[in-house]
Amino acid sequence: MTVVTRFAPSPTGFLHIGGARTALFCWLYAKKMKGKFILRIEDTDIERSTQVSVDAILDAMAWLNLDYDEGPYYQTKRFDRYREAMDQLLEEGKAYRCTCSKERLEALRAEQTANKEKPRYDGHCRDKKKGEAKPFVVRFRNPQEGVVEFNDLIRGKLIFQNSELDDLIIARTDSTPTYNFTVVVDDNDMKVTHVIRGDDHINNTPRQINMLRALGATLPIYSHVSMILGADGKRLSKRHGAEGVMEYREDGFLPDALLNYLVRLGWSHGDQEIFSRDELIQLFDMDHINKSPAAFNLEKLYWLNQHYMKTSPIDVVAKELAWHMDRLKIDTTCGPSLAEIISAQAERVKTLKEMAERSRYFYEDVSYNDESVKKNITPEALPALTMLQEALTNLPEWNKELLHKTLEDVAEKCAIKLGKIAQPLRVAVTGDTVSPPIDQTLVLLGRERTLERLKRAIFD
RNA sequence: GCUCCCUUCGUCUAGCGGUUAGGACGCUGCCCUCUCACGGCGGUAACGCGGAUUCGAAUUCCGCAGGGAGCGCCA
């Protein structure tokens with residue numbers, strides 16, 4: 001039997017980090033089992049669903065490089081099918097029309113809450129013969145006795161009493177179907193074999209199983225993944241920084257770094273921390289997914305991001321860096337290539353955004369940090385800088401080795417340590433005290449820019 | 001309130017009846033060094049509590065506590 005998984009977000013906002021991890025797990029499992037991964041947009045809430053959100057989710061999936069074999073399916077395009085399934089249940093007496101008013105339901109809930117009972121529908125219309133000509137909803141006739149039992153791949157055996165469940169609404173007064181019903185119909189129609197989703201759906205599962213059975217469907221295997229918490233252990237929210245996947249792009253993370261981070265949040269393979277995509281597909285399994293919720297830790301993501309900036313194919317990194325350069329309006333046509341920037345900067349920055357920001361001086365006029373200038377370009381440093389300028393002007397070639405040697409020679413002649421000349425020079429050509437090794441920096445800058453800036457530093 | 005889920009270093013985790021409880025991020029000491037970093041070698045720090053089973057429990061069972069989710073004509 002081919003494995004079929006699905007990711008089914010509702011388009012009421014961007015793709016957030018928890019959803020991305022669920023999608024990743026679904027995607028990985030399908031890939032590993034050589035099955036199919038389906039994307040389904042659950043947009044039955046017409047009020048809250050927007051095209052903007054759909055696009056945002058699709059964009060995020062694309063950026064993460066999580067491709068789907070089928071879809072995106074849209075539930076709003078399947079209303080006929082839901083109607084058909086509902087009619088079937090109605091006809092078989094597995095669902096019924098309920099004419100209870102919202103007021104009655106509210107009163108019922110209030111009463112139950114006051115009595116410290118779990119709010120639920122009381123089955124008022126369950127056995128009514130013919131409904132009057134009033135607006136109605138359709139409710140699923142949930143079994144009242146017995147238990148629903150299923151074996152969750154992550155949690156193990158889960159058992160629910162039917163007596164805890166009530167007759168949920170599967171079609172609204174306006175006849176549109178509701179979530180729990182559309183999920184069931186779709187999972188069945190799309191032959192989903194593995195439902196991998198957030199553990200906030202655990203409580204929906206027994207109801208869905210009951211409906212699946214009423215529909216005569218084969219039950220899928222369930223895997224409920226725990227939530228991602230904020231750094232403070234509380235629910236993830238704006239407070240902790242980014243929630244949306246695309247915010248991580250804006251902050252300068254590589255998709256592979258984010259994915260690697262996400263997969264290790266809850267899943268493990270011994271002590272291994274770094275996984276290529278192929279490795280993940282090969283090694284991923286449900287047996288090693290953790291049951292407990294995990295707190296999001298930005299520091300570790302930074303570490304992974306740097307690792308990926310250093311080790312990913314340079315064109316992959318360059319493509320993403322170009323996006324950031326563009327965003328920061330840095331014109332990189334005149335100056336070192338992005339590949340050169342990456343090899344010079346990757347090990348000293350945590351994000352691509354930082355890399356772009358800190359590489360400005362390779363392409364644009366320097367902006368000097370007054371304090372650094374004051375501290376480094378001192379009267380004592382001037383003789384060395386002047387001597388250096390002359391040496392650099394006459395340099396037959398402009399390469400790292402020669403530059404390094406020149407610096408050392410000048411330092412020796414002035415009887416100072418290399419640092420005493422490298423730092424003033426660094427400030428002179430980059431504006432501040434931090435940059436790649438000075439010889440490399442000069443190579444990237446080129447002779448013209450270097451001399452021009454050096455001259456300015458000496459005379460101003 | 002009711003139902004369900006969860007609980008190993010600060011964080012992510014390994015562990016599946018016998019380990020000096022391992023790794024990673026972070027923090028930190030030393031080395032390297034032209035700055036910032038990278039890297040190398042160390043250090044720091046954990047089984048929520050109480051019972052039970054067992055020769056032996058982080059591992060099994062039962063309570064408790066703490067945290068979370070669900071209880072919509074939302075998904």
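Both backbone and side-chain heavy atoms feed into the values below; hydrogens, waters and symmetry mates do not. Letters A, B, ... are given to chains in the order of the sequence lines, protein chains preceding strands, and every chain is numbered from 1.
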Check your understanding: So, does the side chain of Thr173(A) form a donor-acceptor pair with the base of C73(B) at under 3.5 Å?
Key -> yes

Exercise for review: For C38(B), decide between syn and anti, treating a glycosidic angle within 90° of 0 as syn.
Suggested key: syn

Review point. Does a distance-only test, which skips hydrogens and angles, find a donor-acceptor pair under 3.5 Å between the side chain of Asp200(A) and the base of G70(B)?
Key: no

Exercise for review: Return the set of residues passing side chain to side chain contact (heavy atoms under 4.5 Å, CB included) with Ser53(A) (not counting sequence neighbours), or none when no residue passes.
Suggested key: Pro11(A), Thr50(A)

Review point. Does Arg426(A) make a side-chain N or O approach to OP1 or OP2 of C34(B) shorter than 4.0 Å?
Key: no

Exercise for review: Determine the contact category for Ser292(A): base if any of its heavy atoms lies under 4.0 Å from a base atom, sugar-phosphate if only primed atoms, P, OP1 or OP2 are that close, otherwise nothing.
Suggested key: sugar-phosphate

Review point. So what does Cys100(A) hit on the nucleic acid, given a heavy-atom distance under 4.0 Å: a base, only sugar-phosphate, or nothing?
Key: base

**Study point:** Counter-base of U54(B), judged by Watson-Crick or G-U geometry with both distances under 3.5 Å
**Key:** none

Review point. Between Phe296(A) and Tyr261(A), what is the ring plane arrangement, given parallel below 30°, perpendicular above 60°, and tilted in between?
Key: perpendicular

Enumerate all atom pairs, one protein N or O and one N or O from nucleotides 38-42 of chain B, separated by less than 3.5 Å.
{"unit_1": "C38(B)", "atom_1": "O3'", "unit_2": "Lys310(A)", "atom_2": "NZ", "d": "2.9"}

Review point. Do Phe25(A) and Phe284(A) have ring centroids that are under 6.0 Å from one another?
Key: yes

Exercise for review: Remember a base hit wins even if backbone is also touched, and classify Asn290(A) as base, sugar-phosphate or nothing at under 4.0 Å, heavy atoms.
Suggested key: sugar-phosphate

Practice item. On the 0 to 90° scale, with breaks at 30° and 60°, tag the His269(A)-Phe275(A) ring pair as parallel, tilted or perpendicular. Key: perpendicular

**Study point:** Members of residues 40-51 of chain A that approach RNA chain B, where some heavy atom sits under 4.0 Å away
**Key:** Glu42(A), Thr44(A), Asp45(A), Arg48(A)

Practice item. Look at the side-chain N and O atoms of Ser268(A) and state whether any lies under 4.0 Å from the OP1 or OP2 oxygen of A14(B). Key: yes

